[in-house]
**Q** 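Encoded as C-alpha cells, here's the structure I'll be asking about.
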Amino acid sequence: MGVKGRAPALCPNRLNPAGFCPIQIGPEPPIGPLAMNAPVTAPSVAEAPRYDFLSAEPRWQLAWEARGCFHVEDQPTDGKPKYYVLEMFPYPSGRIHMGHVRNYTLGDVVARYKRARGYAVMHPMGWDAFGLPAENAARERGVHPARWTWDNIATMRGELKRMGLSLDWQREFATCDAAYYGHQQKLFLDLLRAGLAERRESWVNWDPVDGTVLANEQVIDGRGWRSGAVVEKKLLSQWFLKITDYAEELLAALDGLDRWPERVRLMQANWIGRSEGARLRFALDAPAGGIDGVEVYTTRPDTLFGMSFLAIAPEHPLAAAVAANSAGAAAFVAECRSMGTSEAAIETTEKKGFDTGLRVRHPFIEGATYPVWIANFVLMEYGTGAIFGCPAHDQRDLDFARKYALPVPPVVLPAGQDSAGFAIADKAFDGTGTMINSGFLDGLTAPDAAKPAAIAALEKLGVGQGVVNWRLRDWGVSRQRYWGCPIPVIHCDACGAVPVPDADLPVRLPDDVTFDAPGNPLDHHPTWKHVACPRCGQPARRETDTFDTFVDSSWYFARFCSPRSDAPMDRGAVDHWLPVDQYIGGIEHAILHLLYARFFTRALTRTGHAGVDEPFAGLFTQGMVTHESYRAADGAWLSPDEVEKRPDGTAVQLGSGAAVTIGRSEKMSKSKRNTVDPGAIIARFGADTARWFVLSDNPPDRDMEWTDAGAAGAFRFIQRLFRHVESRPAGGALPDSFGQPARDLRRATHRAIAAVTEALEDFTFNVAVARIHEFANAIAEAERAPPSADLDWARGEALDTLARLVSPMMPHLAEEMFATLHPDADRLLAEQPWPVADPALAAAERVTIAVQVMGKLRGAVDVAVGADEATVLAAAIAEPNVARALEGKRVVKRIYVPGRIVNFVIAG
RNA sequence: GCGGGCGUGGCGGAAUGGUAGACGCAGCGGACUCAAAAUCCGCCGUCCUCACGGACAUGUCGGUUCGAGUCCGACCGCCCGCACCA
C-alpha cells in the first residue's frame with residue numbers, strides 16, 4: 001500500500017534521516033496518484049493531505065528501530081537516572097482494542113517524555129499468554145491453545161508496532177513460553193522452601209459438568225458460567241500462597257504509596273479488611289461427636305450479655321458431627337452446600353437455620369445456656385466459622401432471631417433513650433451507647449470502654465483473648481486447567497507431595513492433548529502424569545493442576561529487567577530497575593493483580609531474588625473507552641460501520657436507510673457491537689491520529705467516548721501542523737533585536753514549553769493538547785504578520801519547539817516536522833532533549849488587571865508588568881465603567897493583588 | 001449497609017480563593033470556488049437592550065471572605081468499589 005507516485009523510495013541508508021527527502025512538494029503531481037492510492041474508505045478530508053502518514057509512519061518506525069533508540073541494557077553504565085515505565089501487559093485475545101491503544105499511548109507519552117528529559121527509560125512489552133480463552137478456542141474450533149495464542153501474539157505485535165510505541169522489543173516474552181514459566185516454577189519451589197506456599201484442603205465452587213473449579217466471578221446466579229450447571233461446594237486439596245502472612249504489612253505499606261490513586265489504596269485496605277475483636281470459646285453443655293466447645297470471633301465482645309443463640313457455618317466440623325447422627329441436620333447441610341456463592345445468590349438467599357438441639361454455656365453468666373444453630377449466613381472462611389448471635393445489635397442476627405422467634409435482649413442503650421421502655425423493633429442498634437443488662441459492664445460506654453473491659457474479663461477467665469482478624473484469605477493458586485504453568489510437584493504415596501528437583505525444571509506442558517472430554521486435559525493425558533518419585537523412585541503422579549494466571553502477572557515486571565537471564569531474574573538488574581516508576585492500567589485490576597504483585601514482590605525479596613518490597617512506586621489508572629451503541633428496528637445491535645450519522649443527530653442504517661436507535665455511550669463490547677477496530681483507524685488516519693485523539697478528549701483517568709468526528713479532528717490538526725512547517729521561512733542568523741510580533745511569538749513559545757511540561761508531569765494530557773492548540777494558534781497569528789527577519793527566526797524557533805512538544809504524543813509527525821526543519825541534520829528527534837523554557841522570554845510585558853467594585857467585575861485595565869500600586873489604582877479609578885460605579889461612593893478599602901485584581905470596597 | 005468519587009454551555013472539558021467557560025467538537029455567518037470538499041476569517045451560556053451596558057449563571061440551600069466553581073455545613077442527583085466479613 002505504498003504511495004509510489006509521490007513518496008520517494010526509502011533512502012538506502014536508513015540511519016540518515018536527512019536522506020529521507022521526507023515529502024516532495026512542487027514537482028510531484030499533488031493530487032492524482034495519491035487519490036488513486038488512498039484507501040477507498042478515506043474521508044474526504046484525506047484527499048489532499050500534505051503529510052503522508054502512510055509512508056512516514058513505517059519509515060520512522062524503521063529509523064527508530066535501526067538506531068536502537070528505545071533499547072536499554074539490563075545493567076546500564078551510562079550514569080543516567082533510570083525510569084521504568086510499564087503498562088499492564090496484554091492478554092493475546094486476538095486483536096488490540098481501543099483500551100489497549102489508550103493504555104499504551106499513555107505509557108508511551110510518559111516514556112518518550114522522560115527519555116527526552118534525560119532518563120534511561122525502560123519501556124518493555126510482553127504477553128500475559130496463559131488463560132481460559134485459549135482452551136475455549138481449542139474446544140470450539142479445534143485449534144491448539146498454543147497455536148491460537150502464538151498466532152494472536154504475532155497479529156497483536158504487528159498492530160502494536162504500527163502504533164509507533166517506543167518499546168524495547170528486545171525484552172519481549174510470553175508467559176506461556178517455558179523460558180518464562182520454568183522460572184516461575186523455580187520461584188514457587190523457593191516459596192515452598194520459605195514456608196510461603198502450602199497444600200491444604202479448602203472449599204471451592206465446583207462445576208460438576210465441566211469438572212472444574214470456578215472462581216467466584218465465574219459463578220453466575222449459582223450456575224457455572226459456561227456449563228450452566230448448578231455449582232456445588234466441594235472440599236479439594238489445593239496449593240495456597242500465604243499472602244495472609246503479609247496482611248499487616250500490605251495494609252501498613254499502603255500509606256507509603258503516595259503516587260497511587262487514593263481510591264485504589266482504599267479498595268485494597270477494604271479488601272485486606274483488618275478488624276479488632278475477640279476470639280472466645282463457648283463450652284458445650286454436653287459434648288457432641290467428641291467436640292466439647294465452639295470457638296467464636298466477634299468484633300463486639302461488649303455485647304456478650306445480649307447473646308441469644310450461637311450459630312455455626314454449614315461446613316463447620318461441629319455441623320458435620322451433628323449431621324452424622326441427624327438426618328434433618330444432614331439435609332440442611334446438604335442444602336446449603338448446593339447453594340451458590342455468587343453475590344446475587346447471597347443477596348437473594350433468605351437466612352435459614354437448623355437447631356442442633358445442642359446448648360452452650362455463657363462465659364459470664366453462671367448457669368445460662370443458649371441453643372446452637374447451623375446457619376446458612378455464617379461463613380466458614382471468615383473468623384472461626386462460628387458466631388454468637390446478638391440480635392439487638394446486629395441486623396443479620398436480628399433477622400435470624402425474628403424468623404425463629406429467638407429472644408432479643410438489648411444491652412446497649414442509645415443516648416437520650418430511657419432504659420425502661422427500650423426495645424428493639426425491626427432495626428438492630430449498632431451505634432454508640434451505654435451498657436445495660438450487662439452485669440459488670442453496666443454503665444460503660446459501648447463500644448469504646450465496654451469492649452476492652454469485656455476482653456479483659458475474657459482473658460482473666462482464660463476463655464478468650466483480644467485478636468486482630470483479617471478479611472484477606474490465602475491465595476488459592478491451583479486451577480484444573482491445561483493452558484497454564486504446571487505446578488512443579490510430584491505426588492508419591494510414600495513420600496507425599498515432593499517438589500520437582502530444580503534440575504528437572506521446567507516441567508513442560510505436553511503438546512499432545514485433547515479437549516473432547518470435560519475436565520483437565522492434563523489429567524486425561526495417557527502418560528504425562530506418570531513419573532517416578534524423585535525421592536524414592538517409586539511410581540508417582542505429577543500434579544496436574546496449573547497455576548492461576550495471576551501468578552504469571554505477579555512477577556513479569558521483574559523478569560523484564562533481565563528477560564534472557566538463566567535465573568528468574570538477575571539481582572543486579574532488578575536492583576537497578578525496580579520498582580516500576582510509573583505503572584499504567586485499568587482500574588479493574590485495582591485489587592487482585594496489584595495486591596498479588598505486592599505480595600509476590602515481598603516474597604521475591606524474602607527468597608533473595610529481589611530487594612524491594614513495593615513493585616510499583618507510581619500507579620495511574622485509566623478510564624475506559626466507550627462508544628455509542630446502535631440498534632436496528634428489530635432490536636439487533638449494529639456496528640458503527642453499518643450506521644451513518646446524520647447532521648441532525650439521528651442515524652440510519654447504511655444501505656437500507658432504515659432508522660437506527662442510538663443508545664448511550666458505554667464500554668466497547670462485542671455483544672453490543674459498539675467497537676471500533678484500532679487497526680482500521682490506523683490504516684485510515686494513521687497512528688498519530690489515534691494517539692492524539694485518545695489523549696485530547698478528556699483527562700486520562702476518566703472514561704472517554706470514541707467518536708468519528710473526534711478522530712477526524714485529530715487528523716485535521718496533524719495536517720495543519722505540518723502545513724505550518726512546510727510554509728516556514730528560510731532560517732537565518734539570530735537577530736540582534738526582536739520586534740513586537742516576534743517577541744509575542746517567542747513569549748508564546750516559551751509559555752507553551754512551560755505549560756506543556758507541567759501538564760505532562762501532572763498526567764493531564766488533555767491540557768497539554770489544549771496548550772499545543774493555543775501554541776499553534778499563536779504560530780498562525782505570526783504567519784499573518786508582515787514578514788521580517790526577526791519574525792522569521794522566531795517562527796523557526798517556534799516550529800522546532802512545536803515538533804519537540806508534540807513528539808511524545810505524535811512521534812511520527814514530530815520526526816517528519818523535525819526532519820523538514822533540519823534537512824541537513826543527521827539526527828532523530830527521538831534522541832533530542834526536551835526544550836527548556838526561558839522565564840525571561842515567557843514573561844509578559846503588559847498585564848490586564850481586572851477591576852471589581854464590591855466584588856463585582858466592572859472593568860479591566862492594561863498596565864505594564866512592573867507598574868506600582870499607585871499607578872494601577874489610578875488607572876483602575878480612571879476606567880470609565882469603574883468610575884461610574886464609584887461615582888458618589890466612598891471607598892473604604894482597596895484590595896490590590898499584583899498582576900491579578902483590584903477590588904474597591906465602598907461604604908454603605 | 002459500608003467506603004469512595006463526581007455534578008460547570010448543545011457536547012468533551014479548562015480554571016495556585018482573584019476577569020468562569022481556556023482549548024477542542026458540534027452549530028451559525030462570511031471569504032475562496034462554476035459548485036462542492038478542503039482551507040481561511042468571524043460569531044457562539046441565558047435574559048433585557050438598537051447600542052453602551054446591565055441582570056442572572058458552575059446541582060440546591062446556607063456559611064466563611066473584599067472576593068467562592070474552588071474552602072466549610074446540610075441536602076438532592078448520578079456513578080463506582082466492597083458486602084450475610086460477625
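Numbered from 1 within each chain, the chains take letters A, B, ... in sequence-line order. These figures come from a predicted structure and were not determined experimentally.
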**Q** Answer with base, sugar-phosphate or nothing: what part of the nucleic acid does A:Ile895 contact at a heavy-atom distance below 4.0 Å?
**A** base
**Q** If you check the A:Arg471 side chain, which of B:C84, B:A55, B:C85 turns out closest?
**A** B:C85
**Q** Quick one: salt bridge (charged side-chain N to carboxylate O under 4.0 Å, His left out) pairs with a partner in residues 372-386 of chain A, sequence neighbours left out?
**A** none
**Q** Going by the glycosidic torsion and a 90 degree boundary from 0, is the base of B:G45 oriented syn or anti?
**A** anti
**Q** Could you tell me whether A:Arg274 contacts a base, only the sugar-phosphate backbone, or nothing, with contacts defined as non-hydrogen atoms closer than 4.0 Å?
**A** nothing
**Q** Going by the side chain to side chain donor-acceptor pair (under 3.5 Å) test, which pairs reach into residues 301-314 of chain A, not counting sequence neighbours?
**A** A:Arg300-A:Asp302
**Q** Is a salt bridge present between A:Arg396 and A:Asp399, judged by a nitrogen-to-oxygen distance below 4.0 Å?
**A** no
**Q** Using the test salt bridge (Lys or Arg N to Asp or Glu O under 4.0 Å), find all partners of A:Arg784 that sit at least two apart in sequence or belong to another chain.
**A** none
**Q** According to ring-ring contact (aromatic ring centres under 6.0 Å, His included), who are the partners of A:Phe429, at least two apart in sequence or on a separate chain?
**A** none
**Q** Counting only side-chain heavy atoms from C-beta out, which of B:A83, B:A86, B:G12 sits nearest to A:Tyr382?
**A** B:A86
**Q** Got a sec, which pairs hit side chain to side chain donor-acceptor pair (under 3.5 Å) with one end in residues 688-701 of chain A, sequence neighbours left out?
**A** A:Arg102-A:Asn698, A:Asp108-A:Arg691, A:Asp688-A:His812
**Q** So which protein N/O to nucleotides 5-11 of chain B N/O distances come out below 3.5 Å?
**A**
none

**Q** In whole angstroms, how far is the P atom of B:U16 from the CG atom of A:Asp762?
**A** 10 Å
**Q** Can you check the A:His724 NE2 to B:U39 C1' distance for me, whole Å?
**A** 12 Å
**Q** Send over the distance from A:Glu781 CD to B:C41 P, rounded to a whole Å.
**A** 10 Å
**Q** To the side chain of A:Ile901, which of B:U19, B:A86, B:G53 is closest?
**A** B:U19
**Q** Rounded to whole Å, how long is the line connecting atom CG of A:Leu472 with atom P of B:C82?
**A** 15 Å
**Q** Does B:A37 have a Watson-Crick or wobble mate here (both distances under 3.5 Å), and if so which one?
**A** none
**Q** Side-chain donor or acceptor of A:Lys893 under 3.5 Å from a matching atom on the base of B:C66?
**A** no
**Q** Could you check whether A:Lys352 pairs with A:Glu335 (Lys NZ or Arg NE/NH1/NH2 to Asp/Glu carboxylate O, under 4.0 Å)?
**A** yes
**Q** Could you list, one pair per line, each protein nitrogen or oxygen that sits under 3.5 Å from a nitrogen or oxygen of nucleotides 20-25 of chain B, together with the distance?
**A**
residue, atom, partner, partner atom, Å
B:A22, O2', A:Glu774, OE2, 2.9

**Q** Using a 4.0 Å heavy-atom cut-off, does A:Asn903 contact any base of the nucleic acid, only the sugar-phosphate backbone, or nothing at all?
**A** base
**Q** Of A:Trp470 and A:Leu266, whose nearest nucleotide on RNA chain B comes first from the 5' end?
**A** A:Leu266
**Q** Ignoring hydrogens and angles, does a donor from either the side chain of A:Arg784 or the base of B:C40 sit under 3.5 Å from an acceptor on the other?
**A** no
**Q** What's the CD-P distance between A:Gln719 and B:U39, to the nearest Å?
**A** 9 Å
**Q** Quick one: the side chain of A:Asn270 and the base of B:C82, do they pair up donor-acceptor inside 3.5 Å?
**A** no
**Q** Partners of A:His593 by ring-ring contact (aromatic ring centres under 6.0 Å, His included), sequence neighbours excluded?
**A** A:Tyr583, A:His589
**Q** List in chain and number order the residues that pass ring-ring contact (aromatic ring centres under 6.0 Å, His included) with A:Phe354, two or more places apart in sequence or in another chain; answer none if no residue qualifies.
**A** none
**Q** For A:Ile591 and B:A83, give me the distance from atom CD1 to atom P, rounded to whole Å.
**A** 7 Å
**Q** Specify the separation, in whole Å, of atom CE of A:Met624 and atom C1' of B:C80.
**A** 10 Å
**Q** Should B:G62 form a Watson-Crick or G-U wobble pair with both distances under 3.5 Å, which nucleotide is its partner?
**A** B:C72
**Q** Return no unless some side-chain N or O of A:Arg723 is found under 4.0 Å from OP1 or OP2 of B:A38.
**A** no
**Q** Are any non-hydrogen side-chain atoms of A:Val882 and A:Val861 less than 4.5 angstrom apart?
**A** no
**Q** Considering every strand shown, what is the Watson-Crick or G-U wobble mate of B:C2 when both distances are under 3.5 Å?
**A** B:G81
**Q** Check this for me: does the side-chain of A:Arg900 come within 3.5 Å of the base of B:U16 through a donor and an acceptor?
**A** yes
